[in-house]
**Student:** 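What follows is a structure written as structure tokens; I'll ask about it next.
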Amino acid sequence: MRGLGKFLTGIASSLAEAWEELRIHKGRVLLSLVGVAVAVCALTTVVGAGAMAEQLSREVSERQSGRPASITFSAYMQSPTGQIDAAAVDAAWTESLARHEVAFASRVTWASANVQYADGVSPANLQLIDVPYGEMHRVQIVDGAWFTDRDARRLAPAVIVNEVVWDRLGRPPMATHPTLELADSGVSAVIIGVSRAMSEYDGESAYVLNDAFPALGVVVDPMMMSSPSYEMWVPEEHADGLMQAISEEVRAALGEGSGFDGWRGDYGAWPEDPFLATKLVVAGVAVVILVLGALSLVNITLVTVRTRIREIGIRRTFGATGGRVFFAVMLESVVGTFVAGIVGVGVSIALVRSPLPAMLIGSSPDDMPGFPVEAAVVGILAATVVGALAGLLPALTAVRVKVIDAIRF
Amino acid sequence: MSVLLEARDVTRTVDVIDGEPLTILAGVDLAVAEGDRVSIVGRSGSGKSTLLNVLGLLDAPTSGELTFLGRDARRLRGAARDRLRGGEIGFVFQQFNLLPGRTALENVATPLYYDAGRAFWQREKIAREMLERVGLGERVAQLPSRLSGGEQQRVAIARALVRRPRLILADEPTGALDLATGQTVMELMEEVAGETGAALVTITHDPAIAQRASRHLRLEAGRLIADEPREYGGADAADAADDPAHAELVDGAAA
């Protein structure tokens, strides 16, 4: 019992002594930890901002090629004329989708039409799609709303124009029910939404529902109109099976001589991680930052160890054991860097969650990634490890120093 | 009185780069009993501090026997040696060696952090009482930099005695003080040591300080020899000046 009491008193006195050391050296400790806190903050911010940049890149990729797993099919005929019965393909496609309960699918066709603006007529690209396309390709609507199923039944066909068209029209509010005048057919299409331009080089374009397209009265030269492609967005684990099954079913429905082939175009099908470069750059920058922070801490501890040697020598004369001295020096470093790590991560969360990164990058992701917990944990752990390593050197020096030399230092 | 510390034929040599090992202690014999007052004089570089470090278990002898409280110092290793030193030996240094940035109270309480018993929990109370005992009860919250040299040495004495050691080793305790303050500090140290029955081994250049001890030793050529006590000052000063031993001490002090 008495031995236990002594043991507990030993622990309490070690902690009390270490705390006392921290208190006495708080100025120096704080100064040395500023570097660590900044390093951890930078490390965590870089990883957090990296996650955001990766998400942005992912979303850009998904807007162009669809989300994982997006499968695109095209139909063809092996006959000399090569003509496809589009209605038959549509029917077989719809039936097959229903059979496999695929909720996200869209036919995609490109066409063009002349649009009448106040200052003249210009051609615009028309992308003929189905309602799920917006979700499948993360189409960003800056004003108004994306299509619903009811839009296909409108008497005045609905269109969603891009910002380039909207700008030419003078950016009329959606509440005023602006229209898009088609020069050739004289049909007025109701603009129900505006999609964000993907880049500054975008031309004039608009989305139209496949089923609403005939109502536009656009006469399209078959040679100028692309063959429809058929896209679906399915869970990755079912992608291969569904691709094969739907291909075979549609092919069977179309009869001999026809083809219906699918392929994956989303980034998930690429053989290498498309974000590997981003990840490596982020990790590289993070490691460099941490090493710099560690170097600054080691630098300071190496300088201050000279002043501490004398103190430690004095303590040794009063009975401080080597273990006790080691513990006190290490604890100061580890506790200090742990606290600095928490402060650094806290500041980093505030930074990453602020509007600042979006302002710097120029846009923010639709689905803001959560603050990377692993980055926070790695940041705090790295700080603590750095503290332990940075404390190890002076701690070992303190233990190994000859007391006689130390008190005369 | 029981023997606290006994050294028999203790030697201490140090390695010299590209040379023969340097012998600092060439066979020291010494016995210190409880309550002893021993002074050791010697020229600068004669090995006084080395001897004090060996006696204080800060350094190990190269050869010879050294026992402290009946325990063979050569067999004491690491933490056991540190604990024995912390509990039974108090050090007073010439330059006080107070911990900067800590108040007088914190300095005196420092050795109590290494006491695994009740003293740790009562460290502040014990340290305060000790400071009162050395006449600094009103200055407990002062930092060393705000204290005079004499006050700093009193704090150092309070710190050396706070764990009630049985042996006090003082290395030039008055070296940084003026004569009057030095005498006052020595009186105090002897008085406080007397209360606890601690033995006091003082290394000094100052003949007047050496004179206060009951046993007078001189370290010469690495060995301890008896040094006859002399009265210095007044009519005896002229005799003393002719004495080669005194000349050595004065030279040493000047150095």
Side-chain angles (χ1 to χ4, degrees), chain A residues 1-31 304 306-329 331-332 398-409, chain B residues 12 14 24 49-54 56-60 77-103 106-124 143 156 159-163 165 169 171:
Chain A
M1 200 64 192
R2 196 173 167 189
L4 180 68
K6 275 194 167 186
F7 176 71
L8 293 177
T9 302
I11 290 177
S13 59
S14 296
L15 290 172
E17 186 189 5
W19 175 249
E20 190 74 1
E21 286 290 283
L22 268 176
R23 189 181 65 80
I24 297 293
H25 297 293
K26 59 181 178 292
R28 177 178 57 74
V29 170
L30 274 177
L31 276 178
T304 52
R306 286 176 66 84
T307 57
R308 300 203 65 180
I309 281 176
R310 182 180 170 85
E311 283 190 27
I312 288 161
I314 296 167
R315 288 178 179 279
R316 295 297 299 269
T317 64
F318 295 125
T321 60
R324 188 68 175 265
V325 168
F326 186 88
F327 180 76
V329 176
L331 197 73
E332 176 190 314
V399 170
R400 293 167 71 96
V401 76
K402 289 200 167 183
V403 182
I404 310 151
D405 299 334
I407 54 181
R408 288 179 173 176
F409 199 74
Chain B
R12 182 73 177 97
V14 291
I24 299 172
S49 295
T50 303
L51 175 62
L52 204 72
N53 290 327
V54 170
L57 307 181
L58 290 174
D59 199 3
R77 288 281 177 268
R81 175 189 280 256
D82 294 332
R83 287 196 195 96
L84 183 64
R85 179 173 60 241
E88 305 295 349
I89 304 173
F91 290 87
V92 179
F93 305 98
Q94 179 179 1
Q95 295 302 331
F96 323 132
N97 278 345
L98 297 181
L99 298 173
R102 281 88 166 170
T103 62
E106 287 165 346
N107 261 285
V108 175
T110 299
L112 298 173
Y113 278 97
Y114 311 116
D115 190 313
R118 198 174 295 163
F120 163 71
W121 301 105
Q122 298 180 346
R123 60 190 181 279
E124 202 173 310
L143 292 173
R159 186 177 63 177
L161 295 168
V162 75
R163 288 186 73 182
L169 297 173
D171 188 4

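As the structure is a prediction and not an experimental result, all values here were calculated from the model. Per chain, numbering begins at 1; letters A, B, ... match sequence-line order.
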**Student:** Given that the side chain runs from C-beta out, which part of B:E106 has a heavy atom under 4.5 Å from chain A: side chain, backbone, both or neither?
**Tutor:**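 Only the side chain of B:E106 comes within 4.5 Å of chain A.
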**Student:** How long is the straight-line distance from CD1 of A:I314 back to CG of B:L98, given to the nearest 0.5 Å?
**Tutor:**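 Rounded to the nearest 0.5 Å, the CG-CD1 separation comes to 7.5 Å.
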**Student:** At a 4.5 Å cut-off on heavy atoms, which part of B:L99 comes close to chain A: side chain, backbone, both, or neither?
**Tutor:**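 Only the side chain of B:L99 comes within 4.5 Å of chain A.
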**Student:** Using a cut-off of under 4.5 Å for heavy-atom pairs, which of A:A12, A:G313, A:G10 has the most such pairs with chain B?
**Tutor:**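 Max contact count across the listed options: A:A12.
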**Student:** Using a cut-off of under 4.5 Å for heavy-atom pairs, which of A:S14, A:A320, A:A16 has the most such pairs with chain B?
**Tutor:**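 The answer is A:A320.
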**Student:** What's the separation between atom CZ in A:F318 and atom CG in B:N97, rounded to the nearest 0.5 Å?
**Tutor:**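 Taking CZ in A:F318 and CG in B:N97, the distance rounds to 8.0 Å.
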**Student:** Is there side-chain contact between A:R324 and B:D82, with at least one heavy-atom pair below 4.5 Å?
**Tutor:**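 SC-SC contact between A:R324 and B:D82 ruled out.
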**Student:** Against chain A, label B:R118 side chain, backbone, both or neither, depending on which of its atoms sit under 4.5 Å from a heavy atom there.
**Tutor:**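 Interface part for B:R118: neither.
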**Student:** Under 4.5 Å from any heavy atom of chain B, what part of A:R23 do you find: side chain, backbone, both or neither?
**Tutor:**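 For A:R23, the side chain is the part near chain B, not the backbone.
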**Student:** With rounding to the nearest 0.5 Å, note down the distance linking CZ in B:F91 to CZ in A:R316.
**Tutor:**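 The CZ atom of A:R316 is 11.5 Å from CZ of B:F91, to the nearest 0.5 Å.
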**Student:** How close do B:G117 and A:T9 get, counting heavy atoms only, and between which atoms?
**Tutor:**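 Closest heavy-atom pair between B:G117 and A:T9: O-CG2, 3.8 Å.
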**Student:** Shorter than 4.5 Å, heavy atoms on both sides: which option in B:R102, B:R85, B:R83 has the most such pairs with chain A?
**Tutor:**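 When all of B:R102, B:R85, B:R83 are compared, B:R102 has the most.
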**Student:** Go through the atoms of B:Y113 and report whether side chain, backbone, both or neither lie under 4.5 Å from a heavy atom of chain A.
**Tutor:**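 Both parts, backbone and side chain.
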**Student:** Below 4.5 Å from any heavy atom of chain A, which atoms of B:R123 appear? Answer side chain, backbone, both or neither.
**Tutor:**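 Contact with chain A involves the side chain of B:R123 alone.
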